[in-house]
K.L.:
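Structure below; questions to follow.
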Amino acid sequence: ASSFLTNGFVEATVQPDGKIWLIGTNFAKLVRFTEAGSPDTSINGTGVIPLTIPEGDILPRDIKMQRNGSVVVVGELNGHYGNLVVAQFTSSGQLDRGFNEGKGYILFEDNEFKCRAYFHCMELLIHDDGKIVVFAQLNKNMLMRLYPDGTPDTGGRIVNTTTYAEGLNAVTVDQEN
């Protein structure tokens, strides 16, 4: 796991019990460490989970923890840049089959916002009520909100803007709305 830290570390999230989840952009893996900093071998025997779905590997860009202990990851499908993936994993490292009607992930291939290059920014936010906000940017901005089970919020459809917002690289949640 030490090579993970020197090879594209991007984001981390911490469970209430102190265990740490890490992702990196250079490879499709999710890694969990104990609160003491050792690989958590209760996960897959190594602490490392391949971020692979039937369509290919997920190159992760952001990770957040749900209150129920699930881990949400957003990234791109390797080799299909611009195809956005949102996946949810249980605290034991398995795809959460309660997310997106049993799949555990959502692959957005919609040509409405699909781009043929890397996204500049991908970010996840979790509302206090568990709703997931996904923001991605390249030459278009994409913002959507999902319920904790992966279904789109009725007011959270994909929102595109055709104008590139220079310097926009973060998003925040107003917990009251």
K.L.:
Can any side-chain N or O of Asp62 pair as donor or acceptor with the backbone N or O of Leu124 at less than 3.5 Å?
P.N.:
yes
K.L.:
Give me the one residue out of Asp40, Ile49, Val73, Val14 that meets side chain to side chain contact (heavy atoms under 4.5 Å, CB included) with Trp21.
P.N.:
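Result: among Asp40, Ile49, Val73, Val14, Ile49 is the only option passing the side chain to side chain contact (heavy atoms under 4.5 Å, CB included) with Trp21.
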K.L.:
Can you find a heavy atom in the side chain of Ile53 that is under 4.5 Å from one in the side chain of Leu77?
P.N.:
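Of all side-chain heavy-atom pairs linking Leu77 with Ile53, at least one is under 4.5 Å.
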K.L.:
If I compare all heavy atoms of Ala12 with all of Leu22, which pair ends up nearest, and what's the gap?
P.N.:
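Reported closest heavy-atom pair: CB-CD2, 3.3 Å.
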K.L.:
For the pair Glu123 and Val133, evaluate side-chain contact (heavy atoms from CB on, under 4.5 Å) and give the outcome as yes or no after the intermediate values.
P.N.:
CA-CA 8 Å; Glu123 189 164 347; Val133 176; over 6 Å; no
K.L.:
Would you name the heavy atoms of Pro39 and Thr34 that are closest together and state the gap between them?
P.N.:
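The answer is O-CG2, 4.3 Å.
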K.L.:
Which pair of heavy atoms, one from Asp129 and one from Pro148, lies closest together, and at what distance?
P.N.:
O-CG, 3.8 Å
K.L.:
Looking at CG of Asp153 and OH of Tyr147, how far apart are the two atoms once the value is rounded to the nearest 0.5 Å?
P.N.:
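The OH atom of Tyr147 is 4.0 Å from CG of Asp153, to the nearest 0.5 Å.
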K.L.:
So which atom in Gly93 and which in Ile43 form the shortest heavy-atom distance, rounded to 0.1 Å?
P.N.:
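Between these two residues, the closest heavy atoms are N-CD1, 4.0 Å.
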K.L.:
Taking all heavy atoms of Ile126 and all of Gly130, pick out the closest pair and write down the distance.
P.N.:
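Looking at all heavy atoms of both residues, the closest pair is CG2-CA, 4.1 Å.
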K.L.:
With the side chain counted from C-beta on, respond yes when Phe89 and Ile63 share a heavy-atom pair under 4.5 Å apart, and no when they do not.
P.N.:
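In short, these two side chains do not touch, never coming nearer than 4.5 Å.
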K.L.:
Return yes if some donor-acceptor pair links the side-chain N/O of Arg32 with the main-chain N/O of Ser42 below 3.5 Å, else return no.
P.N.:
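Absent.
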K.L.:
How long is the span from the OG1 atom in Thr90 to the CD atom in Gln66, to the nearest 0.5 Å?
P.N.:
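Going from OG1 on Thr90 over to CD on Gln66, the span is 13.0 Å.
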K.L.:
For a quick test of reading the model, state the closest non-hydrogen atom pair linking Pro60 to Leu51 and the distance between them.
P.N.:
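Answer, listing the atom of Pro60 first, then Leu51: CG-CD1, 3.7 Å.
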K.L.:
From Lys64 NZ over to Leu125 CG, what is the distance, rounded to the nearest 0.5 angstrom?
P.N.:
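The NZ atom of Lys64 sits 6.0 Å away from the CG atom of Leu125.
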K.L.:
Measure the CD1-OG distance between Ile20 and Ser38 for me, rounded to the nearest 0.5 Å.
P.N.:
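Ile20 atom CD1 to Ser38 atom OG measures 10.5 Å (nearest 0.5 Å).
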K.L.:
Taking Asp17 for its side chain and Lys19 for its backbone only, find out whether a donor-acceptor pair lies under 3.5 Å.
P.N.:
yes
K.L.:
Give, for atom CZ of Arg145 and atom CD1 of Ile132, the distance between the pair rounded to the nearest 0.5 Å.
P.N.:
12.0 Å
K.L.:
Can a side-chain donor-acceptor contact be found between Thr151 and Asp149 if the only test is distance below 3.5 angstrom?
P.N.:
yes
K.L.:
Can you tell me how far CD1 of Ile23 sits from CZ of Arg61, rounded to the nearest 0.5 angstrom?
P.N.:
8.5 Å
K.L.:
Tell me if a side-chain donor or acceptor on Gln15 pairs with a main-chain N or O of Gly69 at a distance below 3.5 Å.
P.N.:
no
K.L.:
Please set out all donor-acceptor pairs under 3.5 angstrom arising from side-chain atoms of residues 97-108, sequence neighbours excluded.
P.N.:
from   : atom 1 : to     : atom 2 : distance (Å)
Arg97  : NH1    : Gly102 : O      : 3.2
Arg97  : NH1    : Lys103 : O      : 2.9
Asn100 : ND2    : Tyr105 : O      : 2.7
Tyr105 : OH     : Glu55  : OE1    : 2.8
Tyr105 : OH     : Glu55  : OE2    : 3.2

